[in-house]
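First the structure, in the form of C-alpha cells, and then the observations on it.
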Amino acid sequence: MSQPRQSRALIIVNTDFCGSDGDAVLGTRRGARREAEQLSNMLSRLNYQVELMHNKTAKEIEELYQQECNHEHGDYFVSIISSHGEQGVIFGCDSEPVKLTRIFQTLSSKKCPVLTKIPKIFFIQACRGQEFDQGVVVECDSREPEPDGFSDYLSIPPQTVVMFACSPGYVAFLNIFGSMFLQALLKVLEGEERHLALNRLMTRINWEVAFRCQARGTYQGCKEMPCFVTNLLQEVFPFSA
C-alpha cells in the first residue's frame, strides 16, 4: 500500500540585507533565524516536507515559488515568509522588493495547475508600513485602514489563505526572542488548537497577539494586530494529526 504524499512547506527567512554596492541597507533581523528553525521543526513533526531557505534575493524568492509547480504535493501547501517589508511587498536580502501579489499569482491555478485544488496557506511576518499601533480600548472601534490597504486582498487567487502579522500601514515587531506573530503561531501549533479548522486557528492567533503581546524597550506598550483573508470554499484542518 503506497504512502500518501506529504504536504509541503516553504519557509523563507531573511536576516541580513545589503544593497548593490554590498553595504548594509536594512537592519539585521536578530531572532528571525532561530524562530524559522523552530517553525521548520514543528511543521516536520506535523508531517510536512519542509524547505527552509535563508537570505534569498528577490529573484531567488520568485524562483522558489515558481519551482513549486514542479513538485509533488500532498493535501496542503504552507509558506512562511519572514523579512523586512512595506505595504504589498517583502524584501529580498539584496534589499529589492518582491510584490506579494506576484507570489500569490505564481501559485494560481492558471500558472500552477498542480496546485489548483490544494489550499495554499501563507503566513507573512513583515512590516506593512511605518505606523505604530498604540492599541485601543476593546469597546472602541479601531482605526479604519487606508483604502489601498486592501489591494493585497483583491489579488489573492482561489484556494488561497494569507495571514499578515499586522494591519495595513503598521509595523510588525521582532526581537532577539522572535516575533509576536510567529511565536503565537508556534504556540498554537504546539497546543490542541492545531486541530481547529484553519479560520478558527487564525482567529486564535489574533487573540494571542492582541491580548498577550506588546512591545518592550523603545516601543514599550505598542501593540500589533494580525489579520487574514481567505478564498477557501470549505473548512480545512492543515495541522491536525
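From a predicted model like this one, the values you see are computed outputs, not experimental measurements. Only heavy atoms go into these numbers, but all of them, side chains included; no hydrogens, no water, no symmetry mates.
- When side chains are defined from C-beta on, V161 counts as touching M202, because their heavy atoms get closer than 4.5 Å.
- Residues Q87 and V89 form no side-chain contact, since every pair of their non-hydrogen atoms from C-beta on lies 4.5 Å or further apart.
- Across T57 and C93, no two heavy atoms sit closer than the pair N-SG, 3.6 Å.
- Nearest heavy-atom pair, H195 versus S240, reported as atom, atom and distance to 0.1 Å: ND1-OG, 3.1 Å.
- To the nearest 0.5 Å, atom CG of residue L43 and atom CG of residue L185 are 7.5 Å apart.
- Under 3.5 Å, the side chains of E35 and S179 contain a donor-acceptor pair of N or O atoms.
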task = Decide salt bridge (Lys or Arg N to Asp or Glu O under 4.0 Å) for K187 and E208; before the verdict, give the C-alpha distance in whole Å, the side-chain angles of both, and the deciding distance to 0.1 Å.
result = CA-CA 9 Å; K187 181 177 180 180; E208 286 284 343; 3.3 Å; yes
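- Of the inter-residue distances, the one linking I103 atom CD1 with Q66 atom CD reads 10.5 Å to the nearest 0.5 angstrom.
- Clustering ILVMFWY residues whenever any of their side-chain heavy atoms sit less than 4.5 angstrom apart, transitively, puts L174 in a cluster other than the one holding M225.
- No side-chain N or O of Q159 forms a donor-acceptor pair with one of N231 less than 3.5 Å apart.
- Considering all non-hydrogen atoms of both residues, L201 and R194 come closest at CD1-CA, 3.8 Å.
- Residues satisfying the side-chain hydrogen bond (donor to acceptor under 3.5 Å, both in side chains) test with R200, not counting sequence neighbours, are none.
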request  = Evaluate side chain to side chain donor-acceptor pair (under 3.5 Å) for R29 paired with H84, printing each intermediate quantity in order.
outcome  = CA-CA 8 Å; R29 302 180 65 248; H84 283 302; 4.6 Å; no
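- Put simply, the side chain of N41 does not reach to within 4.5 Å of the side chain of Q38, judged on heavy atoms.
- The cationic atom of R8 (NZ for Lys, CZ for Arg) does not lie both less than 6.0 Å from the six-membered ring centre of Y48 and within 45° of the ring axis.
- A distance of 5.0 Å separates CD1 of I121 from CG of L198, quoted to the nearest 0.5 Å.
- Under the salt bridge (charged side-chain N to carboxylate O under 4.0 Å, His left out) rule, E62 has a single partner from R102, K111, K56, which is R102.
- Using a 4.5 Å heavy-atom cutoff, the side chains of L64 and I12 are in contact.
- Separating the CG atom in L182 from the CE atom in M163 is a distance of 10.0 Å, to the nearest 0.5 Å.
- Between L232 and P119, some side-chain heavy-atom pair lies under the 4.5 Å cut-off.
- Nearest heavy atom pair, residue A126 against residue A172, reads O-CB, 3.6 Å.
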For residues 69-78, which side-chain N or O atoms pair as donor and acceptor with protein atoms under 3.5 Å away, sequence neighbours left out?
residue	atom	partner	partner atom	Å
H73	ND1	H71	O	3.1
H73	NE2	E68	OE1	2.9
Y76	OH	F237	N	3.4

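- Taking CD1 from I11 and OG from S40, the interatomic distance works out to 4.5 Å, rounded to the nearest 0.5 Å.
- In this structure, the side chains of I61 and I90 come closer than 4.5 Å at one or more pairs of heavy atoms.
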request  = Assess whether side chain to side chain contact (heavy atoms under 4.5 Å, CB included) is satisfied between F181 and F123, documenting all intermediate values.
outcome  = CA-CA 9 Å; F181 175 54; F123 297 92; 3.9 Å; yes
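- Between V162 and F228, every side-chain heavy-atom pair lies at or beyond the 4.5 Å cut-off.
- Going from atom CD of Q183 over to atom CG of L39 covers 7.5 Å, rounded to the nearest 0.5 Å.
- A heavy-atom distance below 4.5 Å is not found between the side chains of I80 and Q125.
- Shown here are the side-chain hydrogen bond (donor to acceptor under 3.5 Å, both in side chains) partners of T15, two or more places apart in sequence or in another chain: N55.
- Outside the 6.0 Å centre-distance limit, the rings of F91 and F17 are not counted as a close aromatic pair.
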